[in-house]
Amino acid sequence: MSWCAAVRGAMSVSSAMARLLLLLCAASGLLLAAVASIPPPEEAARMARYVLHSCDWGALATLSAQEGLRGRPFANIFSLSDGPPGPCGGSGVPYLYLTDMEISVQDLEVNSNASLTVSLAQTPYCRKHKYDPQNPLCAHIIFVGSIVKVNDSEADIAKKALFTRHPEMESWPKDHNWFFAKFNITNIWVLDYFGGLKIVTPEEYYSVKP
């Protein structure tokens, strides 16, 4: 290799490294901007949208239909998404990918009512500020409503929302008869500051810009 070619190669590597560093800085900036953009406590509806969009999973509580547990509360973890990750804010609709083989889904077939809790404890925000998950400043949202299967026109939206965050889902066993569902929200409670829960209506929730 000639001296000139070696210099050009070194410059190319340096240029590539510089571009990579710029990309990493930009990504870090976006992450810091996202953390910095957490809504203030007085904007409870925006906080609810923000927390849901920041979360990849939540605790879904049903009334058990299982023998020996019938009628008792039963909480389970489910992956969810309200849209592809990023600053656009999502739709606010919690989508899920379910199968009738799952124990909580069997509960829902008897009684579709449920509650869903999502928390910033699963994000870097609370770890950065050293907030315990039970600390109100580590905001969490409690949704109450029911689980419903999405119709054909909404299935593509649910699929994009879930598979962009949870790509492994595409490889789950086909013979499990997976289907897309959503949490139909009727009540919302926000705990993001001291002084107790705040109530947000679904109309307020869906009308705000995240």
Side-chain angles (χ1 to χ4, degrees), residues 26-62 73 75-97 104 112-148 150 154 157-158 160-162 164-166 180-210:
S28 299
L30 285 173
L31 179 60
L32 289 173
V35 170
S37 65
I38 184 170
E42 59 268 21
E43 297 185 26
R46 277 191 63 219
M47 180 64 80
R49 292 285 298 271
Y50 176 89
V51 174
L52 177 67
H53 188 63
S54 300
C55 292
D56 292 329
W57 55 269
L60 184 75
T62 59
N76 206 346
I77 296 299
F78 284 88
S79 298
L80 53 79
S81 174
D82 79 330
C88 295
S91 66
V93 178
Y95 289 110
L96 304 101
Y97 196 42
S104 295
S112 63
N113 292 316
S115 69
L116 173 67
T117 301
V118 289
S119 170
L120 288 183
Q122 63 180 275
T123 72
Y125 178 79
C126 295
R127 292 192 291 273
K128 175 187 175 183
H129 292 281
K130 296 182 171 58
Y131 292 150
D132 187 87
Q134 201 170 328
N135 185 332
L137 298 178
C138 184
H140 71 266
I141 316 300
I142 304 167
F143 298 101
V144 172
S146 60
I147 299 290
V148 296
V150 302
E154 198 174 359
I157 298 172
K160 181 179 179 181
L162 286 160
T164 51
R165 286 182 185 255
H166 308 283
F180 295 104
K182 66 180 178 180
F183 195 95
N184 185 29
I185 300 169
T186 58
N187 304 84
I188 305 165
W189 284 273
V190 176
L191 186 60
D192 64 345
Y193 202 71
F194 304 104
L197 290 161
K198 303 165 190 171
I199 295 175
V200 174
T201 67
E203 292 77 18
E204 291 168 336
Y205 174 79
Y206 284 115
S207 66
V208 297
K209 183 178 180 181

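Hydrogens, waters and symmetry mates play no part in the numbers below; they use all other heavy atoms, side chains included.
Taking 4.5 Å as the limit, every side-chain heavy atom of Cys126 sits out of range of all side-chain heavy atoms of Asn135.
Judged by distance alone, with hydrogens and angles left aside, the side-chain atoms of Tyr205 form a donor-acceptor pair with the main-chain N or O of Gly92 at under 3.5 Å. Using a distance-only test at 3.5 Å, with no hydrogens or angles considered, a donor-acceptor pair links the side chain of Thr186 to the main chain of Val144. Using a distance-only test at 3.5 Å, with no hydrogens or angles considered, no donor-acceptor pair links the side chain of Arg165 to the main chain of Trp57. Although no hydrogens or angles enter the test, the distance criterion places no donor-acceptor pair under 3.5 Å between the side chain of His53 and the main chain of Ser91. Looking at His166, its side chain does come within 3.5 Å of a backbone N or O of Asp56 through a donor-acceptor pair.
Counting all heavy atoms, side chain and backbone alike, Tyr95 lies closest to Ala158 at CD2-CB, 3.5 Å. Residues Cys55 and Leu80 share a closest heavy-atom pair of O-CD1, 3.7 Å. The minimum heavy-atom distance between Phe180 and Leu162, with the atom names listed, is CD2-CD1, 3.7 Å. Minimum interatomic distance between Val208 and Ala45 (heavy atoms only, all atoms of both residues): CG1-CB, 3.6 Å.
Within a 6.0 Å sphere centred on CD of Gln134, other residues, nucleotides and ligands contribute 12 heavy atoms or fewer.
Sorted by first and then second residue, the salt bridge (Lys or Arg N to Asp or Glu O under 4.0 Å) pairs with a member in residues 193-210 read Asp192-Lys198; sequence neighbours excluded.
Interatomic distance, CD of Gln122 versus SG of Cys138, reported as 9.5 Å (0.5 Å rounding). For the atom pair OG1 (Thr123) and CD1 (Ile38), the distance works out to 7.5 Å, reported to the nearest 0.5 Å.
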